[in-house]
Amino acid sequence: PLTRVLAQRGTDLRRIDLAAAIPDLGSDDMAARRQAQQALQERCWAAARPEQADTRRVLSRALANALLAGAGNTVAQAFIIDQLRWIGGGEAVAALTLQLSSDDGDVRDHARRALAANPLPAAGDALAAQFDLVQDPAETKALLLALAYRGETRWNRLFLEVLAGPDTELFLGALEGLKKTADREALEGLNRAADSPAKTVRDQAREALLRLADRLCIKGDKAAALAIYQQLLQDPQPVRCAAIIGTGRAGGAAQLPLLFEILEGDDAAAKGAARTALGAMAPKVAVPAVVSRIGAASPALKAELLTALADGGDPESLPVFLAAAEDTDETVRLAAIEGCGRLGNPEAAPMLVHLVASGSTPVSTAAKNALAWLPGDDDVVEAVAAAMPDADTNTRRELVDALNARRSPACLDLLLQTAREDKEQGVRILALEGIGTVGESARVAALIPLLLAADAKAEKEAIQKAMVAISRRTTAVTDVTAAV
């Protein structure tokens, strides 16, 4: 009956007789059970849509009434409870609470999960009311985890009472809740758990402390957050890395020496965290400190500081990178060039174009890559156009390659000029590749004279490919045919 009734689209749910259909949900005939469960599940999913609020309430109430009436075997009841987990509201709380006292462990477990997911506060009250009634430690822990899943601050006191108690088996359940909701009042209990002889308890308590510090930092209580982060700086990874990053978010100038010291060390993970921490600091604090430190720093530390400064993304720090790009150490120069691209300040374009022509392969390659992602088409095109006439063949090729990598229509005029006027066929062909990539239909007319004037087969083919690529991409077909 359930299959026939629920599978019909548009059926009025108020007329569904679930009491007659429920036996199929727990049938020993697996095919019949699967059919019935699928039909009900599909209807529940459809009712869960925001625009189906009335339908959801009707179906949820019908399922809850079936549970209150004790309909079906435990298999059917567990399945109904699962559906209430997704669509149940206030109308389902009483029925789900009743299932917490079921003789069947699976039914109780499904009921806990459904109440944990139920958005109404009454569902949390129902779970908490069971806490003093159950005797099995495993079920007590399951109740704690269900309350933890809800993420409600009103259960913090209960979690802290568990942490202060003698039953260490329950600590992990309480800590799961405190990870989500702990406030400053939980500090003492969390610190005590962080010193537990049990490693799993220690690890979970430290994670809860980190999350508490993050919440405090977001709320603006940076002094309290910083105290927690500093307390965790000597912990093993990954807690230490998280604490280092937090130190940058919550700290200021007083924490800079610590971050510099970490950057000079050998711990790669901690160095990455310190770079992130510097980037998270307020630019007015971090940038002047980094600038003053770079001058006397070792090459390795200079590169780390430049990377950290680039992480901060402050375009006003460009002069530091321009100066470092002239450093005698190649590692420092590469970090500075990469940083120029990441900062996104188009004023770096002339320097990057100059470095493309430097002849040093790692440096010129890094500069070309930075040019490719630097914002500000006008600045980049102007800098490349100014350099092209006096550049050698290899440099012109690299500059055209950088323009192609930008994939910007703003580069088309310069690419067309290069395709027309450059004295080297290889450079002209490379420019034609860029035109084919981003050119619009109006550019076909400019390519036709180049095609008619070309002598070399390779160049003719490059022009033809560019024209075909533009033609395939355009919707203005008449522009192309008219030009031809």
Side-chain angles (χ1 to χ4, degrees), residues 1-27 29-100 102 106-128 142-143 145-155 176-177 180-181:
L2 189 65
T3 303
R4 289 198 304 273
V5 176
L6 293 188
Q8 295 174 10
R9 301 292 180 184
T11 298
D12 186 351
L13 290 171
R14 291 170 176 79
R15 298 179 182 176
I16 292 175
D17 184 5
L18 283 172
I22 280 173
D24 282 350
L25 294 173
S27 173
D29 182 342
M30 297 307 295
R33 182 193 297 185
R34 182 171 60 253
Q35 251 187 332
Q37 289 184 353
Q38 265 188 329
L40 178 57
Q41 185 169 265
E42 287 175 6
R43 181 50 61 92
C44 289
W45 285 351
R49 296 197 300 264
E51 68 273 14
Q52 296 291 329
D54 290 340
T55 301
R56 182 205 62 76
R57 275 193 296 272
V58 171
L59 184 53
S60 174
R61 189 176 295 116
L63 293 173
N65 287 339
L67 285 178
L68 289 170
N73 58 18
T74 56
V75 174
Q77 290 168 2
F79 187 79
I80 291 172
I81 292 170
D82 269 349
Q83 305 320 300
L84 289 174
R85 179 181 178 186
W86 306 116
I87 68 169
E91 68 284 334
V93 172
L96 293 172
T97 303
L98 180 65
Q99 306 312 308
L100 292 176
S102 170
D106 283 342
V107 171
R108 294 195 302 272
D109 183 56
H110 284 264
R112 279 191 297 268
R113 292 171 186 270
L115 286 168
N118 192 291
L120 268 70
D125 294 334
L127 289 168
L143 285 169
L145 290 172
L147 288 171
Y149 182 87
R150 295 182 62 82
E152 296 170 316
T153 56
R154 61 198 182 114
W155 307 121
E176 281 298 322
K180 296 181 179 181
T181 60

Find the distance between [atom1] ([X]) and [atom2] ([Y]) and round it off to the nearest 0.5 Å.
{"X": "Thr74", "Y": "Gln99", "atom1": "OG1", "atom2": "CD", "value": "11.0 Å"}
{"X": "Leu84", "Y": "His110", "atom1": "CG", "atom2": "NE2", "value": "12.5 Å"}
{"X": "Asn65", "Y": "Ser60", "atom1": "CG", "atom2": "OG", "value": "9.0 Å"}
{"X": "Ile87", "Y": "Gln52", "atom1": "CD1", "atom2": "CD", "value": "11.5 Å"}
{"X": "Leu63", "Y": "Leu68", "atom1": "CG", "atom2": "CG", "value": "11.0 Å"}

Next on the checklist: side-chain contact (heavy atoms from CB on, under 4.5 Å), that's the test. Do Phe79 and Leu40 meet it? Break it down for me.
Outcome noted: CA-CA 10 Å; Phe79 187 79; Leu40 178 57; 3.9 Å; yes

Would you check if the side chain of [X] reaches a backbone N or O of [Y] as a donor-acceptor pair within less than 3.5 Å?
{"X": "Glu176", "Y": "Tyr149", "result": "no"}
{"X": "Arg112", "Y": "Leu143", "result": "no"}
{"X": "Arg150", "Y": "Asn118", "result": "yes"}

Compare all side-chain heavy atoms of [X] with those of [Y] and state whether any distance is below 4.5 angstrom.
{"X": "Asp125", "Y": "Arg154", "answer": "yes"}
{"X": "Arg57", "Y": "Glu91", "answer": "yes"}
{"X": "Leu67", "Y": "Ile81", "answer": "yes"}
{"X": "Thr181", "Y": "Glu152", "answer": "no"}
{"X": "Gln83", "Y": "Gln37", "answer": "no"}

Checklist entry - In this structure, are over 12 heavy atoms from other groups packed under 6.0 Å from Arg33 atom CZ? => result yes

